[in-house]
Amino acid sequence: MSAARPSATRRTVLRGAAVTPVAGLGLAACSAPGGGTTADATPTAPVDLGADSEVAEGGAKLYREHNVVVSRSAGGVLKAYSTICTHAGCPINKLQGTTLVCPCHGSEFDALTGKVVQSPATEPLNELPVKSASGRIVAGPGA
Ligand code: FES
């Protein structure tokens, strides 16, 4: 007569476990909190980014793994900027021509000047020291 009891007990346990992981779906795609700002940082020392010839005059190159963009003016002057967005700290992962586009809220920056060309960001990108040495581009503090 008591044969039905064990299965009733097990069902109760399973139902209890299944309730937990439902909350919090829609928020993960956007906002930065928990989204990895600890790993996403600008160099704190000079980094070798690669061949000098990779950045053409009037052009720019995004070095995603270092969160740096390097551009060269029409006159040949190199500039480097942190690509950590000044709006809410997302790493910028897209370069269209010489325009950087932030994936989080759509801010855009000019890679030649660091200036904002599309809000919501209002502050320019943080400029970094950069130089060309022995055919290599080196950027970051102390470069
Ligand atoms: Fe908001 Fe870049 S973090 S636009």
Side-chain angles (χ1 to χ4, degrees), residues 4-143:
R5 272 195 166 166
S7 72
T9 305
R10 190 177 342 139
R11 192 189 308 152
T12 306
V13 170
L14 289 176
R15 191 192 294 156
V19 170
T20 331
V22 180
L25 284 180
L27 295 175
C30 202
S31 54
T37 36
T38 50
D40 300 322
T42 303
T44 54
V47 286
D48 182 333
L49 296 173
D52 178 74
S53 58
E54 289 180 358
V55 184
E57 283 195 6
K61 183 170 168 64
L62 174 59
Y63 300 90
R64 281 196 196 89
E65 67 278 24
H66 297 295
N67 294 309
V68 173
V69 67
V70 175
S71 61
R72 192 189 304 268
S73 72
V77 178
L78 282 177
K79 294 274 188 182
Y81 300 94
S82 162
T83 51
I84 301 300
C85 184
T86 58
H87 175 238
C90 287
I92 297 170
N93 61 2
K94 192 164 162 190
L95 179 67
Q96 295 178 322
T98 55
T99 302
L100 292 155
V101 183
C102 181
C104 287
H105 315 99
S107 289
E108 296 181 4
F109 300 85
D110 184 341
L112 293 167
T113 64
K115 289 183 179 163
V116 176
V117 292
Q118 175 68 53
S119 60
T122 58
E123 295 296 317
L125 294 174
N126 187 20
E127 188 167 354
L128 300 169
V130 62
K131 69 181 179 189
S132 175
S134 306
R136 311 286 294 175
I137 292 175
V138 179

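First listed ligand is number 1; within each ligand, the first listed atom is number 1.
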>> Restricting to distances shorter than 2.8 Å, give the number of protein N, O or S atoms close to atom 2 (Fe) of ligand 1.
In response: 2
>> Please report the interatomic distance CG(Leu78) to OG(Ser73), rounded to the nearest 0.5 Å.
In response: 8.0 Å
>> Testing Pro120, Cys90, Ser119 one by one against Ser107 for a side chain to side chain contact (heavy atoms under 4.5 Å, CB included), which residue passes?
In response: Pro120
Side-chain contact, heavy-atom cut-off 4.5 Å: [X] with [Y]?
X	Y	result
Tyr81	Leu100	no
Ile92	Cys102	yes
Pro91	Ile84	yes

> Does any pair with a residue in residues 126-143 pass side-chain hydrogen bond (donor to acceptor under 3.5 Å, both in side chains), and if so which ones, sequence neighbours excluded?
Replying inline: Asp48-Arg136, Asp52-Ser132, Lys79-Glu127
